[in-house]
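Written out below as structure tokens is the structure these notes cover.
Atoms considered below: every heavy atom in the structure, side chains included; atoms not considered: hydrogens, waters and symmetry mates. If you're wondering where the values come from, they're calculated on a predicted model, not measured in any experiment.
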Amino acid sequence: MEKEIEYTLTTDNNHIKEYGQYFTNFDVAKFMATWVCTAAGSLLDPAAGNSVFLKYAKESNPNCTLIGYEIDPNILGFFGNPTNASLKNEDYLMTGWEDKYDAIICNPPYNRFQAVANRNEIIREIEKHTGIKYSSYTNLYILFLLKSLHQLSDKGKLAYIVPTEFLNSKYGTPIKEKLVNEKLLRAIINFKNDQEMFFNSTTTCCILLIDKEEKDGVQFYNLECISQLFEINLNSANGYHLVLYKNLSPEKKWREYIQHEQAIVYCNLKEISEFCNISRGIATGANEFFCLSKSKIEKNELPYTNIDECICRSADVKNIIFTHDDFIKLADADKTVFLLDIKDINSITTKKYITNGEEKEINKKYLLSRRKPWYSMEQKPIAPIWVSSACRDKIKFIRNIAGVKSLTTFHSIFINKNYEADIDIIFCYFLTPIAQEIIRQNRKELGNGLEKFQPNDLKTAKMLDITIISDEDKQEIINIYHMMIDKPNDSYIESLNDIFEKYLCA
């Protein structure tokens with residue numbers, strides 16, 4: 001990996017992110033190339049990069065014709081063409097749709113589709129050839145995989161290394177439908193230790209092995225380390241969890257199959273959306289401009305009529321119940337807990353601050369360039385409960401009795417009208433380990449133990465039907481809640497867990 005490390009050190013990081021360039025572990029590349037290429041007459045790598053797949057393909061099958069696409073001339077120039085393959089400096093998604101290959105192998109670019117300038121044109125090409133329409137929020141690797149499936153010959157094999165996220169996400173449903181309906185998946189190989197996979201990125205990942213041979217189900221492997229790859233024997237009955245195609249639902253999350261988890265069945269569950277509405281926090285478009293501390297406000301002589309109280313960093317909130325006293329302490333410590341929301345444009349100092357922002361081209365940032373005027377702020381109601389958008393251990397729920405705003409570091413939870421009287425019951429429920437275990441079944445895994453929840457992940461997650469809680473237990477929960485306001489203590493959470501558990505495990 002010396003040359004790959006050199007590339008990352010000598011190439012601008014923004015360039016690497018723009019093209020989603022993360023280098024495949026050599027052992028993984030060798031395993032994938034050997035599986036797809038042994039009997040192939042032609043092999044395609046749609047994102048050739050450093051040509052590592054082409055190298056191992058040539059070693060595995062010297063007579064195989066090698067074709068590669070690479071849109072970035074910079075990486076082509078750096079690594080060259082060590083296998084003398086037919087390398088095309090073209091956009092893979094926009095050309096060669098009718099070409100078929102016996103073997104396709106790829107580590108596709110890992111970047112959001114919004115960053116691609118010609119994404120609308122690509123969407124039209126995808127829909128034209130496959131009949132599947134994707135949104136501009138799709139990750140690019142899904143579109144690469146879809147086109148490669150279209151190009152696989154009748155006797156072909158395909159190996160892709162991709163994030164496991166799409167197997168547990170709504171946007172992955174259409175392609176999972178194709179894989180299941182056409183019985184294309186031979187195996188999914190998951191890696192528990194994602195830190196082994198890419199030296200310049202941390203993400204969950206798995207290998208998809210695809211062919212068009214007749215098969216009854218999918219072999220799910222969950223490996224502790226990369227070295228176990230070479231112990232895999234797809235023709236053996238050992239080492240994997242087999243799930244029959246008739247039992248695979250594209251609409252469901254496949255986490256229990258991928259990670260060999262045994263899902264616990266709980267009673268009396270409903271979707272969170274029955275009781276709560278959840279939305280993201282305020283997106284400023286330029287935190288460095290809009291997020292302020294006391295000293296920054298005073299330095300720029302900004303009037304407080306244009307300033308709102310706002311939590312900008314999740315780490316600033318230490319207690320599960322956030323009070324106005326907590327906010328005052330943060331403000332006095334000169335934390336960034338204020339938000340510029342311009343209501344009085346006639347203020348001279350505010351005009352000066354806006355001009356300074358324009359001189360720094362803040363107004364040209366993506367979100368701000370679409371706002372009129374660019375310095376206007378999103379208007380969102382203040383949420384009574386916050387939940388962190390990402391976590392590693394516990395999901396962070398905060399009761400916002402201070403009544404301050406929050407940025408996207410938190411999602412906003414609003415209680416539906418029919419259940420507003422039970423807001424503190426619902427909040428106390430979310431704090432418990434049993435509630436979080438159930439919610440985490442809807443998580444997205446980003447690697448290195450980091451879990452992420454979009455608002456829709458939370459809304460479609462399950463929670464206890466609070467309407468079945470007895471009046472006696474409700475009163476006990478409220479008593480514990482008031483004790484937590486005065487003095488938070490883990491023993492209170494344990495007591496709450498005991499109350500809710502008897503309804504969930506009845």
Side-chain angles (χ1 to χ4, degrees), residues 14 114-115 117 136-137 277-319 321-389 398-415 417 420 423 455:
N14 290 328
Q114 298 99 305
S136 58
Y137 291 94
N277 186 34
I278 302 171
S279 61
R280 64 166 174 79
I282 296 169
T284 69
N287 286 1
E288 70 276 18
F289 180 82
F290 291 101
C291 298
L292 308 165
S293 62
K294 266 190 176 181
S295 61
K296 190 171 181 179
I297 293 169
E298 292 167 1
K299 178 183 177 182
N300 291 280
E301 298 180 342
L302 296 170
Y304 274 88
T305 52
N306 285 335
I307 305 296
D308 291 334
E309 297 175 345
C310 182
I311 292 300
C312 302
R313 297 173 63 248
S314 172
D316 286 336
V317 182
K318 307 296 184 184
N319 299 325
I321 299 175
F322 187 69
T323 67
H324 192 63
D325 286 343
D326 293 325
F327 178 83
I328 294 299
K329 289 176 184 176
L330 291 172
D332 289 345
D334 208 34
K335 297 291 185 179
T336 304
V337 290
F338 296 97
L339 180 68
L340 182 65
D341 185 3
I342 299 171
K343 306 170 187 72
D344 177 17
I345 191 60
N346 294 318
S347 162
I348 295 173
T349 52
T350 301
K351 286 182 178 179
K352 182 179 177 182
Y353 190 74
I354 291 170
T355 300
N356 288 339
E358 291 171 345
E359 289 172 354
K360 295 175 182 177
E361 297 190 336
I362 298 292
N363 56 313
K364 294 183 180 179
K365 285 181 173 282
Y366 181 80
L367 282 179
L368 302 185
S369 65
R370 285 156 176 76
R371 290 182 184 165
K372 294 182 181 180
W374 70 265
Y375 50 79
S376 59
M377 183 50 56
E378 275 194 328
Q379 299 301 309
K380 287 181 171 282
I382 293 172
I385 300 174
W386 298 325
V387 56
S388 56
S389 56
I398 307 293
R399 181 73 168 91
N400 173 28
I401 62 176
V404 303
K405 296 182 176 182
S406 69
L407 300 190
T408 52
T409 187
F410 287 115
H411 295 317
S412 300
I413 300 179
F414 302 93
I415 308 303
K417 189 174 182 179
E420 287 177 347
I423 182 171

Kindly compute the distance separating CG (Asn363) from CG (Leu368), expressed to the nearest 0.5 Å. 7.5 Å

Do Met377 and Ile342 touch side chain to side chain, with heavy atoms closer than 4.5 Å? no

Rounding to 0.5 Å, atoms CG (Leu292) and SG (Cys312) come to a distance of 8.0 Å

What distance do Ile401 atom CD1 and Ile385 atom CD1 have between them, rounded to the nearest 0.5 Å? 12.0 Å

Is the backbone of Ser295 close enough, under 3.5 Å, to the side chain of Asp334 for a donor and an acceptor to pair up by distance? yes

Could you tell me whether the side chain of Phe410 reaches within less than 4.5 Å of the side chain of Asn400, counting heavy atoms only? no

Gly281 versus Ser412, closest heavy-atom pair with distance: CA-OG, 4.3 Å

Please say whether more than 12 non-hydrogen atoms of neighbouring residues, nucleotides or ligands are located less than 6.0 Å from CD in Glu358. yes

By side chain to side chain contact (heavy atoms under 4.5 Å, CB included), which residues pair with Thr408, not counting sequence neighbours? Arg280, Ala283

Between CD1 of Ile311 and NZ of Lys335, what distance do you get to the nearest 0.5 Å? 11.0 Å

Is there a side-chain contact (heavy atoms from CB on, under 4.5 Å) between Leu407 and Phe290 once you walk through the steps? CA-CA 11 Å; Leu407 300 190; Phe290 291 101; over 6 Å; no

For a 4.5 angstrom cut-off between non-hydrogen side-chain atoms, does Glu298 reach Lys296? no

Student check: side-chain heavy atoms of Glu378 and Ile282 closer than 4.5 Å: yes

Hey, does the side chain of Asp326 reach the backbone of Thr323 with a donor-acceptor pair shorter than 3.5 angstrom? yes

Flag, side chain of Thr409 to backbone of Ser314, donor-acceptor distance under 3.5 Å: yes

Take Tyr353 and Phe289 through the ring pair (Phe, Tyr, Trp, His ring centres under 6.0 Å) test and state the conclusion after the steps. CA-CA 9 Å; Tyr353 190 74; Phe289 180 82; 4.6 Å; yes

Among Asn300, Asn306, Asp344, Thr355, find the one that has a side chain to side chain donor-acceptor pair (under 3.5 Å) with Thr350. Asn306

Side chain to side chain, His411 and Ser389, heavy atoms closer than 4.5 Å: yes

Measure the spacing between CH2 of Trp374 and NZ of Lys365 and express it to the nearest 0.5 Å. 11.0 Å

Is any side-chain heavy atom of Ile307 less than 4.5 Å from a side-chain heavy atom of Leu340? yes

Report yes or no: is the cationic atom of Arg370 (NZ for Lys, CZ for Arg) under 6.0 Å from the centre of the six-membered ring of Tyr366, at an angle within 45° of the ring normal? yes

Listed partners of Ala331 passing side chain to side chain contact (heavy atoms under 4.5 Å, CB included), at least two apart: Lys294, Phe327, Val337, Phe338

First locate atom NZ of Lys417, then atom CD1 of Ile415, and finally report the distance between them rounded to the nearest 0.5 Å. 15.0 Å

Who pairs with Asn356 by side chain to side chain contact (heavy atoms under 4.5 Å, CB included), at least two apart in sequence or on another chain? Lys352, Glu359

Can you find a pair of side-chain heavy atoms, one from Lys405 and one from Asp341, that are under 4.5 Å apart? yes

Heavy-atom distance under 4.5 Å between the side chains of Lys343 and Asp308, does that happen here? yes

Check: Arg399 side chain, Pro384 main-chain N or O, donor-acceptor pair, under 3.5 Å: yes

Closest approach of Glu288 to Ile362 (non-hydrogen atoms, all atoms of both residues): OE2-CD1, 3.6 Å

Heavy-atom pair of closest approach, residues Phe414 and Ile382: CE2-O, 3.5 Å

